[in-house]
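Data first, discussion second: the structure below is written as structure tokens.
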Amino acid sequence: MQRNRAMTTTRRDLGRLAVAAATTGLARPALAQAPREIKIGLVTPLSGAWAKSGELSRMGMEMAVDEVNQAGGIKSLGGARLRLVVGDCGDSPEKAKSAAQRLLSQEPDIVGGAGAYVSSFTLAVTEVTERAGVPWFTLSYADAITNRGFRYVYQTSPTAEAQAAAALPTLLQLAQTATGQKPTRLGIVMDNTASPVNFTRRLRESGARELGMTIVVDETFTPPLADAGPVMQRVRQARPEMLLLLPTAVPDIKLTLEKLNEIGLGKGRLPAINNGGPMGSPDLLRVVGKDMLEGVLFITATWGNKNTQALNEAFRARTGEAWITQDSLSNYAHVMILRDALEAAASIDRDKLNAAIKAMDSTEGAAKLFPGGRIKFDERGRREGAALVIAQWQNGVPVTVFPTDAAVAQPIWPRR
């Protein structure tokens, strides 16, 4: 009896082991199998005042995703294809945060992403992506984005304060080289979003004074701007020799440029300098016209140059846009950085992907699309060697005029 009972137990145990072995045997290939699709996210304005910049950001990422897939996908993951999923962050930080929460809730398997263009939007979005442990890239400028001790946020642009520290001395040198004179009277007209606030902080505190400049007019508005008349009249009365014109939305840029022209200071008569890609938007050429844009300079994280001509032509052919902008170029590069990190990690695990990004140090591929020519991030997530680019509207086209090794034209500065 006991022997029969023991034999029954043995058979039962063997049966359990056989089932377990069979289940394990089926599970192993499933665990080892590479994913067929890898989702990456974009949160960007597709409605509201910044919608055009968001659309250009999406175009850049879509182009890069298609190129990666056409080239065979992520080879270390069996040729897995990338898929872009997009959230519209609208026109406020609150909407941007909600868009990020909604996107990650609907697509919980996103491995990495980029956005959200306006610095104040990016600050809100990256609170969400950081908590989720999603590696996230941004071209936004505000220093606060990478001053919070976050581990999963990467800033490919030079920060606003770094740009401010380098921009004014560079602009003064361009002016002196072109005219033999250095401007001494500075004007500021800006919106109150995070990037212009960061960009001008040090200038107001001591930077302008240290360079021998006096700020003679200083105006800040909340976008959208209803009427640029009063602001620009104060500019005319103050008579600056150089104007930092720092709206971040195309409609506000249009209004301020139109009013600058009305008061007789447009078309290059007063050097106007913007900080950011919107000043180079193809939309401005359509809505403002090349005469009003002539001579306007803008500081940006990256722009078309000698190294990006083939990419620029491919982008134009694909999208119908007149040229590739910072928004498209940076986000194209963000996808390529994610591609390289996925190849190195050979995994869709976010922590392994994040470790691969932190280990990067490359002067090839996406590195060639940025000034400084290097993809390496410091402990805060800032790209090492990130430097500013200055472009200028000349004959209806925004062209790179600084740095010299990337310039496609000489800067033009009006003589007093």
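No hydrogens, no waters, no symmetry mates; every other heavy atom, side chains included, goes into these values.
- For the residue pair Gln173 and Thr177, a side-chain donor N or O sits within less than 3.5 Å of a side-chain acceptor on the partner.
- Between the Arg202 side chain and the Ala162 main chain, no donor and acceptor come within less than 3.5 Å of each other.
- For the residue pair Leu42 and Trp136, the shortest heavy atom distance occurs at N-CH2, 4.4 Å.
- Between the CD atom of Glu364 and the OG atom of Ser362 there is a distance of 6.0 Å, given to the nearest 0.5 Å.
- Between the CG atom of Leu329 and the NE2 atom of His334 there is a distance of 9.5 Å, given to the nearest 0.5 Å.
- Summarising the geometry of Val43 relative to Cys89, their closest heavy-atom pair is CG1-CB, 3.7 Å, with the distance given to 0.1 Å.
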Step-by-step salt bridge (charged side-chain N to carboxylate O under 4.0 Å, His left out) determination, Arg316 to Glu313: CA-CA 5 Å; Arg316 290 176 61 186; Glu313 290 305 315; 3.4 Å; yes

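- With no hydrogens or angles considered, a side-chain donor-acceptor pair links Arg236 and Gln233 at under 3.5 Å.
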Applying salt bridge (charged side-chain N to carboxylate O under 4.0 Å, His left out) to Lys254 and Glu258, what does each step give before you reach the verdict? CA-CA 6 Å; Lys254 177 180 182 290; Glu258 286 175 343; 2.7 Å; yes

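- Checking side-chain atoms of Glu343 against main-chain N and O of Ser76 turns up a donor-acceptor pair under 3.5 Å.
- Considering Ile273, Asn275, Leu245 in turn, Ile273 is the only one that fulfils the side chain to side chain contact (heavy atoms under 4.5 Å, CB included) rule with Leu297.
- For the pair Leu84 and Gly41, the tightest heavy-atom approach, listed with the atom from each and the gap, is CD1-C, 4.2 Å.
- Without hydrogens or angle criteria, Asn312 side chain to Trp323 main chain gives no donor-acceptor distance under 3.5 Å.
- In this structure, CE on Met279 lies 12.0 Å from CD on Gln392, to the nearest 0.5 angstrom.
- A side chain to side chain donor-acceptor pair (under 3.5 Å) with Ser206 is found for exactly one of Arg209, Glu210, Arg204, namely Glu210.
- Atom CD of Gln410 has 12 or fewer heavy atoms from other residues, nucleotides or ligands within 6.0 Å.
- Counting only N and O atoms by type, the side chains of Ser47 and Asp88 include a donor and acceptor under 3.5 Å apart.
- Crowding of Arg239 atom CZ: a count of heavy atoms from other residues, nucleotides or ligands under 6.0 Å not exceeding 12.
- Across all their heavy atoms, Leu369 and Ala333 have their closest contact at CD1-CB, 3.9 Å.
- A pairwise comparison of heavy atoms in Ser57 and Asp327 identifies OG-CB, 3.6 Å as the closest pair.
- No more than 12 heavy-atom neighbours from other residues, nucleotides or ligands sit within 6.0 angstrom of NZ on Lys352.
- Side-chain atoms of Thr159 do not come within 3.5 Å of backbone N or O of Tyr141 as any donor-acceptor pair.
- No donor-acceptor pair closer than 3.5 Å links the side chain of Gln176 to the backbone N or O of Lys182.
- Expressed to the nearest 0.5 Å, how far CD of Glu55 lies from CG of Leu46 amounts to 8.0 Å.
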